[in-house]
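Remarks on the structure that follows.
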Amino acid sequence: MQIKTLEDLFVHLLSDTYSAEKQLTRALPKLARASEDAKLSEAFASHLEETRGHVERIDGVVDSVPGLRLKRIKCVAMEGLIEEGQEVIDSIDKGAVRDAGLIAAAQKVEHYEIAAYGTLCTLAELLGYGEAKKLLGQTLEEEKSADNKLSTLAESGINKKAK
């Protein structure tokens, strides 16, 4: 896809983010199963439901902008982040150290998504896509909340257990 306009860039980034969310729906169940800590496993399962909602919300963004169509692209950044999570699973025995590694890998994902949704919100506003900005902003806040939950889990005991 050749990007010539701000709208082209918005479509490209939205398509990339859609791919990222779809990949994440396949990865989160693996993270939940790989966790020893029940609260961490539940956090991954809960975020899976949110992520499914994020996919639906992107569909809503598409519906809110006349003529907007997503492009079929693969988010290679998310692919790499998911691979890093798989490396944690493959290289660390189940337990607190693996859980600490899973939190680190998941927070990288959250930070990537926070950056993506923040950019999309800014572009939606510049392009006058008010409903899209609102929808994307809701997802941005959920991604920030997920990151905060992971920090709390790490700081409230998982990292100390790993020590």
Side-chain angles (χ1 to χ4, degrees), residues 1-35 40-65 67-91 98-127 129 131-151 153-154:
M1 171 185 181
Q2 193 160 13
I3 299 170
K4 295 182 178 180
T5 67
L6 196 60
E7 186 171 342
D8 292 345
L9 181 60
F10 179 78
V11 170
H12 175 79
L13 294 174
L14 188 64
S15 300
D16 189 68
T17 303
Y18 187 80
S19 168
E21 294 286 17
K22 294 290 270 188
Q23 290 179 58
L24 198 52
T25 62
R26 294 186 296 276
L28 282 166
K30 293 176 187 174
L31 297 178
R33 286 190 303 272
S35 308
L40 180 58
S41 184
E42 173 55 36
F44 287 137
S46 173
H47 196 57
L48 173 60
E49 291 310 309
E50 280 186 352
T51 301
R52 288 179 178 141
H54 299 165
V55 170
E56 290 175 15
R57 204 173 279 144
I58 290 174
D59 290 334
V61 168
V62 171
D63 291 342
S64 76
V65 179
L68 190 143
R69 292 189 53 186
L70 294 179
K71 307 298 179 195
R72 287 186 164 209
I73 59 176
K74 185 170 194 175
C75 180
V76 294
M78 185 58 74
E79 184 177 39
L81 291 168
I82 289 170
E83 277 182 34
E84 285 189 28
Q86 188 61 51
E87 286 175 16
V88 168
I89 293 168
D90 293 343
S91 63
R98 179 194 278 180
D99 286 351
L102 291 173
I103 289 172
Q107 285 196 286
K108 287 181 182 183
V109 168
E110 293 308 324
H111 292 198
Y112 175 77
E113 290 184 307
I114 289 166
Y117 282 104
T119 300
L120 286 166
C121 284
T122 299
L123 295 180
E125 183 173 16
L126 285 169
L127 292 165
Y129 302 156
E131 181 63 19
K133 181 183 186 271
K134 180 181 139 203
L135 293 168
L136 293 164
Q138 290 170 347
T139 301
L140 175 60
E141 292 308 311
E142 288 175 3
E143 299 295 7
K144 288 177 182 178
S145 177
D147 182 51
N148 287 333
K149 285 179 194 172
L150 289 167
S151 289
L153 285 169

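Atom CZ of Phe44 is separated from atom NZ of Lys149 by 12.5 Å, given to the nearest 0.5 angstrom. The distance from the NZ atom of Lys30 to the OG atom of Ser35 is 14.0 Å, given to the nearest 0.5 Å. Here OG1 of Thr139 is found 10.5 Å from CD of Glu56. Values are rounded to the nearest 0.5 Å. The distance from atom CG of Leu48 to atom NE2 of His54, rounded to the nearest 0.5 Å, is 11.0 Å. To the nearest 0.5 Å, atom CG of residue Leu136 and atom CG of residue Leu13 are 11.0 Å apart. Distance check, rounded to the nearest 0.5 Å: CD of Glu7 to NE2 of His12 gives 14.5 Å.
Leu153 approaches Ala43 most closely through the heavy-atom pair CD1-CB, 3.8 Å. Nearest approach of Val65 to Ala132, heavy atoms of both residues: CG2-CB, 4.3 Å. Here the closest non-hydrogen pair linking Lys74 and Asp16 is O-OD1, 4.0 Å. Between Leu120 and Phe10, the shortest heavy-atom contact is O-CE1, 3.7 Å. Ile103 and Leu150 make their closest contact through CG2-O, 3.8 Å (heavy atoms, listed as atom of the first residue, atom of the second, distance). Residue Ala32 comes nearest to Ser41 through the heavy atom pair O-OG, 2.9 Å, listed as atom of the first residue, atom of the second, then distance.
When side chains are defined from C-beta on, Leu68 counts as touching Leu14, because their heavy atoms get closer than 4.5 Å. With a 4.5 Å cut-off on side-chain heavy atoms, Asp8 and Gln2 do not count as touching. Side-chain contact between Lys144 and Tyr117 is absent, with no heavy atoms from C-beta onward closer than 4.5 Å. With a 4.5 Å cut-off on side-chain heavy atoms, Ile89 and Arg98 count as touching. The shortest side-chain heavy-atom distance between Ile82 and Glu79 does not fall under the 4.5 Å cut-off. Between Asp59 and Tyr18 the shortest side-chain heavy-atom distance falls below 4.5 Å. Glu143 is not listed as a side-chain neighbour of Glu50, based on a closest heavy-atom distance of 4.5 Å or more.
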- Message: Between Val11 and Ile3, does the side-chain contact (heavy atoms from CB on, under 4.5 Å) criterion hold? Intermediate values first, please.
- Response: CA-CA 9 Å; Val11 170; Ile3 299 170; over 6 Å; no
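The closest donor-acceptor contact from the side chain of Ser145 to the backbone of Glu141 lies at 3.5 Å or more, if one exists at all. A donor-acceptor contact shorter than 3.5 Å is absent between the side chain of Ser19 and the backbone of Ser15. When atom types are taken as modelled, the side chain of Asp63 and the backbone of Gly60 share no donor-acceptor pair closer than 3.5 angstrom. Of the possible polar contacts, one joining the Gln23 side chain to the Cys75 backbone as a donor-acceptor pair under 3.5 Å is found. Not a single donor-acceptor pair under 3.5 Å links the side chain of Ser46 to the backbone N or O of Glu42.
Side-chain contact check for Glu110 and His47: at least one donor-acceptor pair (N or O, by modelled atom type) lies under 3.5 Å.
Residue Glu125 qualifies as open at atom CD: its count of foreign heavy atoms under 6.0 Å is 12 or below.
At a threshold of 4.0 Å, the pair Glu21-Arg57 does not count as salt-bridged, since none of the basic side-chain nitrogens sits closer than that to a carboxylate oxygen.
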